[in-house]
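Notes follow the structure.
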Amino acid sequence: HDAGDARRQAGIELQGQRISDDSFALLMSGHDEEIAFELPPVRHGTAWELVLDSVRGFPVYGGPGERERAQPGAKIKLAPRSLALWREVP
């Protein structure tokens, strides 16, 4: 490995700028019945926004900021053998 590889793994690009990205919560259920999950605390935002639900698909309404939102600690019910991807939002 060279020094560039080590910096990228540490979250710093070659020019010394910090690499940042959105934070996500992936909820997955392998259970054969509906199950509830609790959304985790946010680190940099104020809420979670639904990006994908494997039963309902991608939200087809509105743009960012108009999608389903939930507060940290909210109970989210997942259908049997499904997943939901949530993104942290300001």
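- Minimum heavy-atom separation, Glu49 to Val89: CB-CG1, 3.7 Å.
- Pairing each heavy atom of Ala47 with each of Val42, the nearest pair is O-CG1, 3.8 Å.
- When side chains are defined from C-beta on, Asp53 does not count as touching Glu68, because their heavy atoms never get closer than 4.5 Å.
- When each of Leu39, Ile35, Leu85 is tested with Leu27 by the rule side chain to side chain contact (heavy atoms under 4.5 Å, CB included), just one qualifies, namely Leu39.
- The salt bridge (Lys or Arg N to Asp or Glu O under 4.0 Å) search around Glu34 returns none, not counting sequence neighbours.
- Between atom CD of residue Glu33 and atom CZ of residue Arg81 there is a gap of 10.0 Å, rounded to the nearest 0.5 Å.
- Distance alone, capped at 3.5 Å, is enough to place a donor-acceptor pair between the Ser54 side chain and the Leu83 backbone.
- Qualifying side chain to side chain contact (heavy atoms under 4.5 Å, CB included) partners for Pro40, counting only residues two or more places apart in sequence or in other chains: Ala25, Trp48.
- Using a 4.5 Å cut-off between side-chain heavy atoms of Ile, Leu, Val, Met, Phe, Trp and Tyr, with links allowed through other members, Met28 and Phe24 fall into the same hydrophobic cluster.
- To the nearest 0.5 angstrom, Asp22 atom CG is 10.5 Å from His44 atom NE2.
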